[in-house]
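Report on one structure; see the data block that follows.
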Amino acid sequence: MIVALADTLAAWPNLAIVLTFTGVLLVLLVVVQSLGRLLPEEGREARAAAALDTFKVLGPLTGVFLSFSLVQAIGQFRTADVNVTREAANVYQLDRALNGASSMTDTRPARLALRAYVRHLVSHEWPALHEGHESRETTQALLRVQQAVDAMLETLPSEVRFSNDIDKNLDEMQDDRATRLGIAHGGLPAVMWSVLAALFTLLFACAAFLQGSATRHPLPILYIAGLGLLSALLFIMDRPFQGELSVSPSALIKIQSQLDARLR
């Protein structure tokens, strides 16, 4: 349910995501402060002063943790972009290796299957990734490439089969897709999101004790609004294939046209 909700949210415009994260956190701040009024009035000011001091520590700590997570997410976003370029290069290298073996056996079925797979990547896989899941059609297309390559390799002499790079290129291409699918739902470990949720829980627990004159202190509102902005940006960057800011299949589109030209 949480994954489905996150996939739905990731499809929203970036501005809507930012406003949603910030708005929800500010509403929660108001709610917990309202619930804090149910606490005994005796010692309220002392509790509020202590809670504000704690808030001044937890707020920056949460900000540092968010900044660290954001750096990781940006790094993984760039890695995902590079991975797509490498995947396109491995597709091209596989086609070159198949073309090199064409003098010894018929490689056309394998090369046609490879081109069909690339078309599925562009037309089926990327729309599916935007929705937060992989494409079964593309998985089947990759399986057909594997079967066609295996059938072709069986017709080659053993010394030629083990000396070419066809198996190596195919394995690398499959690994690239597996890596891409592995971060489609987010590259950060779930434990980091759990720690972030725990930090926000502590912040809101402190906010519940901010009663009396501390209620009008602008620091909690400014902290929560800023942390909401950082959280929204982290969510956007952690899903490199969804939303407005996503990895483009342009490298695969370019390779697709080059492969079609090579087979004519």
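- To the nearest 0.5 angstrom, Asp238 atom CG is 11.0 Å from Leu233 atom CG.
- Sorted by first and then second residue, the salt bridge (Lys or Arg N to Asp or Glu O under 4.0 Å) pairs involving residues 60-86 (not counting sequence neighbours) are Arg86-Asp176.
- Ser250 is linked by a side chain to side chain contact (heavy atoms under 4.5 Å, CB included) to Ser248, counting only residues two or more places apart in sequence or in another chain.
- Arg239 places a side-chain heavy atom less than 4.5 Å from the side chain of Asp7.
- For Glu87, the salt bridge (Lys or Arg N to Asp or Glu O under 4.0 Å) partners at least two apart in sequence or on another chain are Arg180.
- Among residue pairs with one or both ends in residues 100-127, those qualifying as ring pair (Phe, Tyr, Trp, His ring centres under 6.0 Å) are His120-His124, Trp126-Phe241; sequence neighbours excluded.
- Residues passing the salt bridge (Lys or Arg N to Asp or Glu O under 4.0 Å) test with Arg144: none are found, sequence neighbours excluded.
- In this structure, the side chain to side chain donor-acceptor pair (under 3.5 Å) partners of Thr138, at least two apart in sequence or on a different chain, are Ser135.
- Contact of the Gln93 side chain with the Arg96 side chain is registered, since non-hydrogen atoms from C-beta on lie closer than 4.5 Å.
- Ring geometry for Phe235 against Trp193 counts as perpendicular: the plane angle is over 60°, on a 0 to 90° scale with 30° as the lower cut.
- Under the side chain to side chain donor-acceptor pair (under 3.5 Å) criterion, Asp171 pairs with no residue, sequence neighbours left out.
- A continuous path of Ile, Leu, Val, Met, Phe, Trp and Tyr side chains, each step under 4.5 Å between heavy atoms, connects Leu219 with Phe200, placing both in one hydrophobic cluster.
- Contacts of Glu131 classified as side chain to side chain donor-acceptor pair (under 3.5 Å), with partners at least two apart in sequence or in another chain: His133.
- Checked against side chain to side chain contact (heavy atoms under 4.5 Å, CB included), Gln256 has the following partners two or more places apart in sequence or in another chain: Val118, Arg119, Val122, Asp260.
- Formation of a donor-acceptor pair under 3.5 Å by the Asn90 side chain with backbone atoms of Asn169 is not found in this model.
- Criterion: ILVMFWY side-chain heavy atoms under 4.5 Å apart, direct or through other members. Under it, Leu143 and Leu94 are not part of a common hydrophobic cluster.
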Could you go through residues 60-73 and list every donor-acceptor pair under 3.5 Å that involves a side-chain atom there, pairing it with any protein atom two or more places apart or in another chain?
{"unit_1": "Thr62", "atom_1": "OG1", "unit_2": "Leu58", "atom_2": "O", "d": "2.8"}
{"unit_1": "Ser67", "atom_1": "OG", "unit_2": "Gly63", "atom_2": "O", "d": "2.9"}
{"unit_1": "Ser69", "atom_1": "OG", "unit_2": "Phe65", "atom_2": "O", "d": "3.0"}

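- Distance check: Gln258 CD to Ile253 CD1 gives 12.5 Å after rounding to the nearest 0.5 Å.
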Run the side-chain donor-acceptor check on residues 19-31: report pairs under 3.5 Å with partners two or more places apart or on a different chain.
{"unit_1": "Thr20", "atom_1": "OG1", "unit_2": "Ala16", "atom_2": "O", "d": "2.7"}
{"unit_1": "Thr22", "atom_1": "OG1", "unit_2": "Val18", "atom_2": "O", "d": "2.9"}

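- Grouping the Ile, Leu, Val, Met, Phe, Trp and Tyr side chains by contacts below 4.5 angstrom, directly or via other members, places Leu202 apart from Val57.
- No path of Ile, Leu, Val, Met, Phe, Trp and Tyr side chains, each step under 4.5 Å between heavy atoms, connects Ile236 with Leu15, placing them in separate hydrophobic clusters.
- Residues that satisfy the side chain to side chain donor-acceptor pair (under 3.5 Å) test with Arg177, not counting sequence neighbours, are Glu125, Thr139.
- Hydrophobic clustering places Leu245 together with Ile183 (ILVMFWY residues linked when any side-chain heavy atoms are closer than 4.5 Å, directly or through intermediates).
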